[in-house]
Amino acid sequence: MSAVIEQTIETYGIGNWGADYFGVNRKGNLIVKSPENENLTADVKEIIDDLSKRGIHTPILLRFPQLLFGQIRKLQTAFKKSIKEFDYQGGHLCVYPMKVNQNRAVLEEYLREGSRYNFGLEAGSKAELYAAVALDQADDSLLVLNGFKDREFVELAFAGAQAGKNVVIVIEKLSELDHTLKIAEEVVTENPDAKLPMVGVRVKLYSKGSGKWEKSGGEAAKFGLTTTEILEVIRRLNEAGRTDMLKLLHFHIGSQLTDIKRIKNAMKEAARTYAKIHQMGIPIEFLDVGGGMAVDYDGSRTSFESSANYNAREFANDVIYVIKTVCDDENVPHPTIIQESGRYLSAYHAILVTNVLDEIETVVEDITPMVVDNDDPQVVRELHDLRETINGKNYREYYHDALENRDELFTMFNLGLISLEDRGKGEVLFWDICERADFFAQQKKYVSEEFNDLRQLMCAKYLANFSVFRSMPDNWALEQLFPIIPIHKLNKKPTEYATLCDVTCDSDGIVDKFVDLHDVKPVLELHKLVKNEPYYLAMMLVGAYQEVMGNNHNLFGVPHEAHIHIGEDGHIIKKVIYGATLGESLSSARFDAVQLHDQFRRRVMKKIKDGELSTKVGNQLIEFYENQSESYTYLSPNGSSED
Ligand SMILES: *Cc1c(COP(=O)(O)O)cnc(C)c1O
C-alpha cells in the first residue's frame, strides 16, 4: 500500500473506528469488507457511480446487511466463548430493540441471521409490537415488551403469545400487572390450554451508567420498579396463583455505556436481586441486562462519550463472570442472560454518502494589494503594521492586538468616525492577520484552544448535500461524533481544513466536531474541490438511531436507499428505494399534492384570464409545477435539474 494511502487511513482513523469492516483500495477509494471473508470487498465510489448512472444521486443511504450479520456473530461468539471459559451454566440470547432502527429491511435481515442463534425482538410501543407479532422469528426466541403499557398493549401481547410467540411482558408500572392478570383470567376461561405471555419486572437499580444516557439508571430513573414494588408484584402474582408467570428480571441503565466499571456494578446489583427473587421460590429464569453496549465512534477506546473502554469480549467476560459469581455465592442456578443491544448491532451497517456542492468562503482570497498611508485612520494603519510584521514569535500577541483593533474599527464605524472604505480596508487586513496567525500557530507542536477556534473560523466551509437533522440528528442534538471520510481520492493527501454545512437553512445545520484519536477535531482534513468534479463524503456508522430519530426539518425527506451485497465480484445492488419527493415530504406536513396543484393552477389561470400570461406560458408553468412534486428534496448534483 502506498505511503499516502497509509497516511490518509490514519488521518481519518479508519483503523480505530472501522472494526475491520472498512479500508481503502489501490484506487484510493473507500471499501467495505465482507465480515466472513475480508478479501471480498465493495468499492463505495463504484457503487455511487453505478447508482448515479441509473439516475439515483446522492445523498444515498447505503445498507450493508452483511455488516449487521458481522456484528450479530461478533456478539454471539463473544458470549459463547465467555460462557465456555467461565463454565457458565445458563445461556445467552439477544432481543433486538426495535426502536434503534425499525426499518423493515433491518428487522428482516436481523431476524434472518439472528434466528440461527435464537435471537428475538424487543418492542417498546404498541406500533412496534404490532409489527413484531407478525414477523417470523425462531421458535425458541423471545419477544420482550418494555415501555409503558395500557390494556390494549397487553391484549396485543396476549394475542402474540396465542399466535405462538414467547412473549415477556416487562412490568414497568403495577397497573400493567393488573391488566395482565385480568386478561390472563379471561383467556384461560375461554381456553384453559392457551399459551400465556411470561411476566418480567424491570428493577430500578441504585447503580448508574456513564455517558450521555446516565439518567436512564439510578434511583430517579423514569423506568423500573423499586424493591417494594417488586415485592408487591410478587404478592399480587401469588394472590392470583400465577407466580409461575414471573420469568424475567430486567434492567437497562442507558445507551452508549462508555465505562465498563459502571456496567459491572449494575450487573452485581441486578444479579443479587435476581438471586433473592429466585430464593423466594419464584421459577425465574432470565436475567435481562438491557442494552447499552457502546460503539466506539471515535476509535479511542476510552470512556469518552463517543467511545467505550471495552470491546465485546471484555463486556461478555464481565457480564458472565459477575453474574456467575453472585449466583454461586447465593446458591441459585445461573440464569439465561438476555441482552437488548441495539446500537452495537446496527450502527455499522449503514453509511450515508453525499456530495459536496460548493465551498462557502469566509475569507476573501486574493486580496487586491491595498495602499495604506498617513491619510488612513490610525486603527487601519495599526492593522497594516501588524500584518506586515507578524511572525512565528509574536503571532499570539499580534493576533490579540488585531482583535482589539477590529473591535475599535467597528466602534468607530458605529460612531460615524470612519468611512465604509476604511472599514473595508480594516476588515481585509484583519482577516489577513488571522490567516497568518493561523499559519504560525499550526506550526507549533501544541495548539492552544484559542488558535483551534481560529482555525475553525478560518477554515473552509464545505456545503454538503444532506440534512444533519434528517441523517445525523444525534450530532446536532447530543454532539455525538460520527466518522466522516471521503469515499475517493484517498490516495491523495487532503490539503484543506474544513467544516461541513448542510443544506437546511438552519444555522445549527453544521458539523464542526470530528473524530480524533486523542481529542475532538474542530476541522476535518479534506481535499480541495475541483470544479465540475464530484466530491463525495461518507458519514459512517449511522445505522443506529439516526434514521429513525431524523426529522423533516425544512422538509428534507428520507434519502434514497440502496441495499448492497458484497460478493465475489464486488458489490451487487440488491434493491433501491427512492427517497422522499417534494410531494411526499409535504404530505408529512398534511399538505396534499393534488390540492396544491389545483391551487397553483387556479392562480395561473387567473393570470391568463387577466392577460398577464399567455396560455402557452401558463400551461408550461402548470406542467412544470406538477412535475416538481416528483423530484427529490435534496439538491441536484450540479445545481441544475437532473435526469
Ligand atoms: C433503548 C433501549 C435499548 C437499546 O439500547 P442500545 O444502547 O441501543 O443497546 C435496550 N433496552 C431498552 C429498555 C431500551 O430502552
Side-chain angles (χ1 to χ4, degrees), residues 68 71-72 74-76 78-79 92-103 106-107 110 114 119-125 127-129 132 142-149 153 168-173 176 200-205 208-218 221-225 248-260 262-263 266-267 270 286-297 305-308 310-312 315-316 319 337-350 473-474 478 480 541-549:
L68 183 64
Q71 287 299 99
I72 291 173
K74 220 186 263 180
L75 192 57
Q76 203 270 339
F79 271 88
H92 164 255
L93 294 174
C94 279
V95 288
Y96 173 79
M98 292 171 70
K99 74 160 193 276
V100 178
N101 194 331
Q102 303 97 341
N103 189 296
V106 177
L107 288 175
Y110 160 80
F119 282 12
L121 293 170
E122 187 264 358
S125 69
E128 288 179 357
L129 174 57
L142 296 183
L143 172 54
V144 174
L145 311 182
N146 292 316
F148 294 123
K149 304 163 197 74
F153 193 135
V168 187
I169 302 173
V170 177
I171 305 295
E172 315 257 14
K173 271 190 321 139
E176 298 168 6
V201 280
R202 179 162 180 173
V203 55
K204 196 175 277 190
L205 295 181
K208 280 192 203 177
S210 59
K212 285 201 190 295
W213 285 269
E214 197 173 308
K215 284 209 296 276
S216 312
K222 169 174 162 191
F223 288 112
L225 303 181
L248 176 145
L249 180 73
H250 172 267
F251 73 95
H252 171 74
I253 55 169
S255 197
Q256 185 68 11
L257 297 167
T258 56
D259 187 3
I260 188 88
R262 303 277 191 101
I263 301 173
M267 292 295 158
F286 302 110
L287 179 53
D288 183 340
V289 301
M293 252 184 93
V295 167
D296 194 0
Y297 292 97
E305 280 165 355
S306 295
S307 186
Y310 56 88
N311 61 22
F315 184 88
V319 170
I337 293 163
I338 311 296
Q339 225 195 336
E340 301 177 344
S341 275
R343 182 188 299 274
Y344 180 83
L345 294 186
S346 69
Y348 293 90
H349 89 278
D474 283 350
L478 304 161
Q480 149 97 59
L541 277 50
V542 294
Y545 296 105
Q546 304 318 295
E547 287 171 57
V548 293
M549 304 283 285

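All residue numbers in this chain count up from 1 along the given sequence. Note that ligands are numbered from 1 as they come in the structure, with each ligand's atoms numbered from 1 the same way.
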By side-chain hydrogen bond (donor to acceptor under 3.5 Å, both in side chains) - contacts of Lys74 (at least two apart): Gln71
side-chain hydrogen bond (donor to acceptor under 3.5 Å, both in side chains) involving Glu128 - partner list, sequence neighbours excluded: Gln102
Ligand 1 atoms in contact with [X] (distance to a heavy atom under 4.0 Å):
X      : result
Val100 : 8 (O)
Tyr545 : 1 (C), 4 (C), 5 (O), 6 (P), 7 (O), 8 (O)
Gly291 : 5 (O), 9 (O), 10 (C), 11 (N)

Tyr110 side-chain N/O to Gly120 backbone N/O, donor-acceptor pair under 3.5 Å: yes
Ligand 1 contacted by Phe223 (non-hydrogen, < 4.0 Å): no
Aromatic ring pairing Phe79/Phe315, orientation class (parallel under 30°, perpendicular over 60°, tilted between): perpendicular
Short N or O distance, [X] and ligand 1, threshold 3.5 Å exclusive:
X      : result
Ser255 : yes
His250 : no
Arg202 : no
Gly292 : yes

Atom 12 (C) of ligand 1 - nearest protein heavy atom and its distance: Glu340 OE1, 3.4 Å
For atom 15 (O) of ligand 1, the protein heavy atom that lies nearest, with its residue and separation: Lys99 NZ, 2.6 Å
Nearest-0.5 Å distance, [atom1] of residue [X] to [atom2] of residue [Y]:
X      : Y      : atom1 : atom2 : answer
His250 : Leu145 : NE2   : CG    : 11.0 Å
Leu248 : Ile169 : CG    : CD1   : 12.0 Å
Met98  : Glu340 : CE    : CD    : 13.0 Å

Arg343 and ligand 1 - part of the residue with a heavy-atom distance under 4.0 Å: both
Ligand 1 contact on Pro97 by region, counting heavy-atom pairs under 4.0 Å: side chain
Glu122/Ile338 under side-chain contact (heavy atoms from CB on, under 4.5 Å): CA gap, chis, key distance, verdict: CA-CA 11 Å; Glu122 187 264 358; Ile338 311 296; over 6 Å; no
